[in-house]
Amino acid sequence: MTYETAIAALADPTRRTIIDRLRGGALPVGAIADGMPISRPAVSQHLRVLSDAGLLSVTPSGNRRLYAIAPEGVDELRSYLDTLWDDALAAFKRAAEDQAKGTSE
């Protein structure tokens, strides 16, 4: 998947909550849904979107599935965000250098 798909999937606050819950490790859908203000089937739909975006891995465990953050999906997103950060730092450096030139003249 692409970083665009990951960003679109993470645009939803419920999906970000799910990702936050999975930061501690793999969980079944029941544990993910516990205490959420939406139904378990709705959580399952959000899990599918996150999985389709490449952000989650799904592992069968007996009669249930365990969901976990997929490092490879997060790596692609992080790589994209790193390029934005690099661009921002380069622009900041140029602005600081330009300002320094302006004050020394």
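On a predicted model such as this, the values are computed, not experimentally measured, just so you know.
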Chemist: Give every residue pair that meets the side-chain hydrogen bond (donor to acceptor under 3.5 Å, both in side chains) criterion with at least one member in residues 21-43, sequence neighbours excluded.
Modeler: none

Chemist: Checking salt bridge (charged side-chain N to carboxylate O under 4.0 Å, His left out) against Glu97, which of Lys101, Arg94, Lys93 comes through?
Modeler: Lys93

Chemist: Could you give the distance from CG (Leu50) to CD (Gln45), rounded to the nearest 0.5 Å?
Modeler: 12.0 Å

Chemist: Residues two or more places apart in sequence or in another chain: which of them pass salt bridge (charged side-chain N to carboxylate O under 4.0 Å, His left out) with Glu72?
Modeler: none

Chemist: Do Val58 and Leu47 come close enough that some side-chain heavy atom pair is under 4.5 Å?
Modeler: no

Chemist: Are Ile19 and Leu77 connected, step by step, through hydrophobic side chains (Ile, Leu, Val, Met, Phe, Trp, Tyr) whose heavy atoms are closer than 4.5 Å?
Modeler: yes

Chemist: What residues, two or more places apart in sequence or in another chain, satisfy side chain to side chain contact (heavy atoms under 4.5 Å, CB included) together with Thr14?
Modeler: Asp12, Ile18, Met36, Ile38, His46

Chemist: Of the non-hydrogen atoms in Ala70 and Gly54, which two are nearest, and what is the gap between them?
Modeler: CB-O, 3.6 Å

Chemist: Roughly how far, to the nearest 0.5 Å, is the CG atom of Leu22 from the OG1 atom of Thr17?
Modeler: 11.0 Å

Chemist: Side-chain heavy atoms under 4.5 Å apart, restricted to Ile/Leu/Val/Met/Phe/Trp/Tyr: what other residues fall into the cluster of Phe92, or is it alone?
Modeler: none

Chemist: If a pair satisfies ring pair (Phe, Tyr, Trp, His ring centres under 6.0 Å) and one of its residues is in residues 54-82, list it, with sequence neighbours excluded.
Modeler: Tyr3-Tyr80

Chemist: Once side chain to side chain contact (heavy atoms under 4.5 Å, CB included) is applied, do any residues pair with Ala31, and if so which ones, sequence neighbours excluded?
Modeler: Leu27, Pro28

Chemist: Do Leu55 and Leu81 sit in the same hydrophobic cluster, where Ile, Leu, Val, Met, Phe, Trp and Tyr count as joined when their side-chain heavy atoms come under 4.5 Å apart?
Modeler: yes

Chemist: Arg78: what forms a side chain to side chain contact (heavy atoms under 4.5 Å, CB included) with it, not counting sequence neighbours?
Modeler: Asp82

Chemist: With sequence neighbours left out, write down each residue that passes side-chain hydrogen bond (donor to acceptor under 3.5 Å, both in side chains) with Glu4, or none if nothing qualifies.
Modeler: Thr2

Chemist: Under the side chain to side chain contact (heavy atoms under 4.5 Å, CB included) test, which residues partner Arg48, sequence neighbours left out?
Modeler: Asp52

